[in-house]
Amino acid sequence: MSNRAGDAGALWGGRFEGGPAESVAALSRSIHFDWRLASYDIAGTRAHIKALHSAGYLTVPEIEKLEKSLAQLLVRIEDGSFTAKPTDEDVHSALERGLIEIAGAELGGKVRAGRSRNDQIATLIRTYLLDEADHLEKLVLQLVQVLTDRAEENLAVAMPGRTHFQHAQPVSLAHHLLAHAWPLSRDLERLGEWRARARLSPYGAGALAGSTLGLDPHLVAKELGLSGPTQNSMDATASRDVVAEFAFICTMIGINLSRFSEEIIIWATAEFDFIKLDDAYSTGSSIMPQKKNPDVAELARGKSGRLIGNLTGLLATLKALPLSYNRDLQEDKEPVFDTVDTLSILLPAFTGMVATMSFNKNRMELLAPAGFSLATDVAEWLVKQKVSFRDAHEITGQLVSFCEKNGLELHQVPDEEMAKISKMLTPDVRDVLSVSGSIKARSGAGGTALPRVIEQISSLRKLVAKGAN
Ligand code: ARG
C-alpha cells in the first residue's frame, strides 16, 4: 500500500523516504486522547528549555523568545485557535509544530535536543496524574465529610449489624456509616504514598540510555514541581507502575463506593425500607409511574466494573514488555484517563445521594434486635458470671432454640423456663437484653459504643481538615 499520510512522520522524517501509510498513521495516532496533556507538555518544554539554556545551548534572547512563544501557544490552545491536525501523531508532535509556527523552524527546532518523546511522555503522565490526584482527593474528602456528618446526626440510632448478610449484633447507624468512611480514608492515604513515588522526573532519560548533553535533570524536576530525577533512565522510560498504581487506587475507591451502593440499593427496597432517596438523586421509570430507582448507586456499582476493566487492561499491557520503551506503552493512557473521568463524574453524584438520603430510623430500630441479635450479649453475660465461653455458647444456643420453637423473643422467655435451660440464667440477664444496653457495652477499641464512635468522628474530622489544606 502506498497511501502516504503526508507529514505525519515530521519528528523522524530524515531516514524515511515518505510518511507512513494512512492505515499506519491512523493506528499510531494518539492525539485524540493525549491532547489533554497539552498544558503539561508545554510545562515540560518550558522546564526543558531552561535546562538547555543553563547548559549553554540557548542564548538569553533565544530562551526569552521561546518562553514567549510557548506562552502564546498555550493561549492559542486555550482559546481554541491552535488545534491538532489530522497529520499530528501525538500531542508532542503537534505542539512542536505549534512552537515552530510561532518561533520559527531554526529556533523551534533546537528544543528537541536532549529529550525524546519517551522521557517526555513518562514525565507528563506523572505531572498530569499528580494534578488529577489532587482533584480526586478533594472529591473523596467531601464524601468522607458527608459520611461523618451523617454519622454525627445519627449517633443514637440503632440498626441491625450483619455478618453473612444475616442479623448478627445491633450497631449504631453512625458506626455503620463510618465503616464506609474508613476505607476511603485509606484510599486517601494510598494517594498520599503514591504521590511520593510519582513525584520524580524521567526527563534526561532520553530515549532510554540517558543524555549526552549534560542537561541538569534536577533543574527540570524543580521547574516541574517534582522532587528530583529518576535514577535509572531505562526504568524511567519503560515503567508505568506509577500509572497502574494510580489506577488501582481509583479502582479501590470505586469498589468501596460499589460496596456501599449494594447496601443502599437493598436499603431502599420495600422489604427493607431503611432509607428514602431524595428525588434529585433517584430516577423514575418511563412505564411504571410508581417507580423510584436508585440509579446513582447502581451506576456506582456498574462503573466499578469499568474501573476494574481499565486497571486489568493496563496491567495486561505491561505484562511481558521487555525493556525499555515499547509503543505498547501508548496504551496506558486511555484506560487511566477513563478512570479519572469516571471517578470525577461519579463521586459528586454519590456524595450528593448520601448527603440527601433520609433514614427510616424507626424501622431500623425496630429490626435492630430481630434475629436474636442479642444472643452474644447473653453469652458474654454468662462469661462474666464465670461460665466458660464454650458452655455459655451452648446455653445461649438452647435459649435461642427455645425461642424459635415457641415464637418468642429472647426477653420474653419466662424466668422459670430460663432456669430450666441453665441455673446460671438468672433474671439478672435481662439487664443486657436491650439494644441500647448491647451497643453501650461494646465499648472496646473500635466498638459501636457511643464514646468509640465519637472518637472516630473526631479522627475523621481531623483528616478532612488536614486534607482541605
Ligand atoms: N504517544 C507516545 C506514547 O504515548 C509517545 C512516545 C512515542 N515514542 C516513540 N518512540 N514513538 O507512548
Side-chain angles (χ1 to χ4, degrees), residues 5-16 18-21 23-45 47-48 77 83-99 111-130 132 198 200-211 220 224 230 233-244 246-247 310 313-341:
D7 58 354
L11 295 185
W12 37 265
R15 91 180 279 305
F16 286 79
S23 58
V24 174
L27 173 67
S28 247
R29 199 167 291 136
S30 57
I31 191 87
H32 50 292
F33 56 82
D34 63 18
W35 186 248
R36 76 165 73 189
L37 300 177
S39 64
Y40 297 89
D41 192 287
I42 290 198
T45 301
H48 179 64
I77 291 167
T83 50
K85 279 190 185 167
T87 46
D88 291 323
E89 181 186 303
D90 57 21
V91 65
H92 323 297
S93 38
L95 297 192
E96 182 170 319
R97 174 176 64 76
L99 185 61
V111 172
R112 214 190 316 151
R115 77 171 174 183
S116 150
R117 281 184 294 166
N118 297 357
D119 58 354
Q120 208 174 339
I121 190 61
T123 310
L124 305 192
I125 193 75
R126 287 164 183 256
T127 47
Y128 163 75
L129 289 178
L130 281 161
E132 293 294 2
L200 292 174
S201 167
Y203 254 107
L208 78 159
S211 156
V220 175
L224 291 173
T230 45
S233 60
M234 294 180 80
D235 170 46
T237 48
S239 296
R240 293 292 183 274
D241 53 304
V242 157
V243 181
F246 180 87
N310 288 340
L314 186 50
L315 293 173
T317 300
L318 297 180
K319 178 185 171 296
L321 272 193
L323 290 178
S324 51
Y325 179 83
N326 296 275
R327 194 61 184 278
D328 315 42
L329 290 174
Q330 180 164 300
E331 293 295 310
D332 66 345
K333 280 168 225 53
E334 282 163 294
V336 80
F337 290 172
D338 182 73
T339 288
V340 165
D341 294 345

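Bear in mind that the values here come from a model prediction, so they are computed numbers and not experimental data. Because only heavy atoms are used, hydrogens play no part in the values below, and waters and symmetry mates are left out as well, while side chains stay in. Counting starts at 1 for both ligands and their atoms, in listed order.
Not a single ring pair (Phe, Tyr, Trp, His ring centres under 6.0 Å) links Y325 to another residue, sequence neighbours left out. Applying the salt bridge (charged side-chain N to carboxylate O under 4.0 Å, His left out) test to D341 and every residue at least two apart in sequence or in another chain returns R36. Evaluation of the salt bridge (charged side-chain N to carboxylate O under 4.0 Å, His left out) rule for D90 yields R117 as partners, not counting sequence neighbours.
Between the side chain of E331 and the backbone N or O of G313 there is no donor-acceptor pair closer than 3.5 Å.
With rounding to the nearest 0.5 angstrom, the OG atom of S239 is 11.5 Å from the CG atom of D332.
Between E89 and R327 there is a salt bridge, since a side-chain N of the basic residue sits under 4.0 Å from a carboxylate O of the acidic one.
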Any protein N/O atoms within less than 3.5 Å of an N/O atom in ligand 1? List the atom names and distances, or say none.
from, atom 1, to, atom 2, distance (Å)
ligand 1, 1 (N), D90, OD2, 3.3
ligand 1, 1 (N), Q330, OE1, 2.9
ligand 1, 4 (O), K333, NZ, 2.5
ligand 1, 8 (N), N118, OD1, 2.9
ligand 1, 10 (N), N118, OD1, 3.1
ligand 1, 12 (O), Y325, OH, 2.5

